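Shown next, in structure tokens, is the structure this report addresses.
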Amino acid sequence: MERYSRIINKNCREIVLLKGYPCAWGKCTFCDYTEDNSTDLQEMIEINSKVLSQVTGEFGVLEVINSGSCFEIPEKTLRLIRSIIKEKDIKQLFLESHWIYRHKLQEMRDFMGIPIIFKIGVETFDNEFRQKFLNKQADFKTPQEVREYFDSPCIMVGIRGQSKEMIDDDIRILKEYFELGTINVYTNNTTDVRRDEELVKWFMEKYSYLEEDPSVEVLYLNTDFGVGD
């Protein structure tokens, strides 16, 4: 499992994949990342400390991810992150959170003391597909609601059951309402949710220009940021 990497093609930053407590929701139909969660506090602290020791601060920007939300990272690790921010003169932090924590984002901003870009796994702005098929438990109705709290949505493309129109709409919304975003091309995993190869091929052809868009990061594999397995 790779847990430290450097992103140098867009929005240059260091990135770490840490271990956290089980996802507070943990019932998304497409997700098996929760297998990296833990309830062993000592294990989490030891692994996270080792990973964070690799941070150099070379870009002044750090992204911290875990298999869930940043609020599920142990407090001792969060304090270590705050110390590294000061020690390495980090000016900006990327974190990710589930919609259910939206009212706690300012608490994290106050705790870390630097600007935070908050990501959210929206997956799609199609409410029915997101809520009923993907079971995201994110009951917003409009992109404006998401923008009120979050800075950078992550959307997913290439899921069997999606349509081209849904993906077109999601990318339009991403560009219209947000300054940054991530598009994840779905990869089959241990869940029953399957990848639509024709839809992926269509997306890669139609939206190839996003490779040159500095505001959108496209992940063709879930390890394209250099972390995970």
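Note that the coordinates shown come from a computational prediction; the quantities given were computed from them, not determined experimentally.
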Same cluster (ILVMFWY, side-chain, under 4.5 Å), [X] and [Y]:
X: Leu41; Y: Leu78; value: no
X: Trp202; Y: Leu210; value: yes
X: Val227; Y: Met44; value: no
X: Ile100; Y: Val122; value: yes
X: Phe94; Y: Tyr4; value: no

From Asn37, Asn48, Asp36, Thr77, residue fulfilling side chain to side chain donor-acceptor pair (under 3.5 Å) relative to Lys19: Asp36
Side chain to side chain donor-acceptor pair (under 3.5 Å), paired with Thr56, selected from Glu14, Lys88, Arg6: Glu14
Quick check: are there more than 12 heavy atoms from other residues, nucleotides or ligands sitting under 6.0 Å from [atom1] of [X]?
X: Asp192; atom1: CG; result: no
X: Lys132; atom1: NZ; result: no
X: Glu128; atom1: CD; result: no
X: Gln54; atom1: CD; result: yes
X: Glu176; atom1: CD; result: yes

Step-by-step salt bridge (charged side-chain N to carboxylate O under 4.0 Å, His left out) determination, Arg79 to Glu75: CA-CA 6 Å; Arg79 292 185 181 279; Glu75 182 179 351; 2.8 Å; yes
Does [Y] offer a backbone N or O that forms a donor-acceptor pair with the side chain of [X] under 3.5 Å?
X: Thr223; Y: Gly226; answer: no
X: Lys141; Y: Asp139; answer: yes
X: Tyr186; Y: Val193; answer: yes
X: Ser215; Y: Leu180; answer: no
X: Glu72; Y: Ser69; answer: yes
X: Gln162; Y: Ile159; answer: yes
X: Arg160; Y: Arg194; answer: no
X: Glu212; Y: Tyr209; answer: no
X: Asp196; Y: Gly158; answer: no
X: Ser53; Y: Lys50; answer: yes

I'd like to know if the side chain of [X] pairs up with that of [Y] as donor and acceptor (distance under 3.5 Å, no hydrogens or angles considered).
X: Asp40; Y: Tyr21; value: no
X: Asp32; Y: Thr191; value: no
X: Glu148; Y: Gln144; value: no
X: Asn135; Y: Trp25; value: no

Is any side-chain heavy atom of [X] closer than 4.5 Å to a side-chain heavy atom of [Y]?
X: Thr39; Y: Pro22; result: yes
X: Ile155; Y: Thr182; result: no
X: Asp151; Y: Lys119; result: no
X: Arg147; Y: Thr142; result: no
X: Val185; Y: Arg195; result: yes
X: Leu105; Y: Leu95; result: no
X: Ile167; Y: Leu199; result: yes
X: Leu134; Y: Phe129; result: yes

Might you point out which heavy atoms bring [X] and [Y] nearest each other, and give the distance in Å?
X: Gln137; Y: Trp99; result: O-CD1, 4.2 Å
X: Pro74; Y: Gly20; result: CD-CA, 4.2 Å
X: Cys154; Y: Glu96; result: SG-OE2, 4.4 Å

Within this structure, what is the [atom1]-[atom2] distance for the pair [X] and [Y], rounded to the nearest 0.5 Å?
X: Asp126; Y: Asp169; atom1: CG; atom2: CG; result: 8.0 Å
X: Ile85; Y: Leu80; atom1: CD1; atom2: CG; result: 10.0 Å
X: Ile65; Y: Phe225; atom1: CD1; atom2: CZ; result: 8.0 Å
X: Thr187; Y: Met156; atom1: OG1; atom2: CE; result: 8.5 Å
X: Leu18; Y: Ser38; atom1: CG; atom2: OG; result: 12.5 Å
X: Phe111; Y: Ile116; atom1: CZ; atom2: CD1; result: 10.0 Å

Worked check of side-chain contact (heavy atoms from CB on, under 4.5 Å) between Tyr101 and Cys70: CA-CA 9 Å; Tyr101 289 113; Cys70 59; over 6 Å; no
From CA spacing to verdict: side-chain contact (heavy atoms from CB on, under 4.5 Å), Leu52, Val16: CA-CA 7 Å; Leu52 287 165; Val16 291; 4.0 Å; yes
From CA spacing to verdict: side-chain contact (heavy atoms from CB on, under 4.5 Å), Gln131, Phe140: CA-CA 10 Å; Gln131 291 293 83; Phe140 57 83; over 6 Å; no
CA sep, side-chain torsions, deciding dist, call: Tyr149, His103, ring pair (Phe, Tyr, Trp, His ring centres under 6.0 Å): CA-CA 8 Å; Tyr149 300 98; His103 298 300; 5.5 Å; yes
Cationic tip of Arg102 above Phe150 ring, under 6.0 Å, 45° of axis: no
side-chain contact (heavy atoms from CB on, under 4.5 Å) between Asn222 and Asn184, intermediate numbers included: CA-CA 7 Å; Asn222 54 16; Asn184 297 282; 5.9 Å; no
Working for salt bridge (charged side-chain N to carboxylate O under 4.0 Å, His left out), residues Glu217 and Arg13: CA-CA 13 Å; Glu217 294 177 309; Arg13 60 200 187 272; 2.9 Å; yes
Pair Asp213-Lys10, salt bridge (charged side-chain N to carboxylate O under 4.0 Å, His left out): steps then yes or no: CA-CA 9 Å; Asp213 188 330; Lys10 297 181 183 180; 5.9 Å; no
Candidate pair Lys164 and Asp170, rule salt bridge (charged side-chain N to carboxylate O under 4.0 Å, His left out), full reasoning: CA-CA 10 Å; Lys164 296 176 181 178; Asp170 281 340; over 6 Å; no
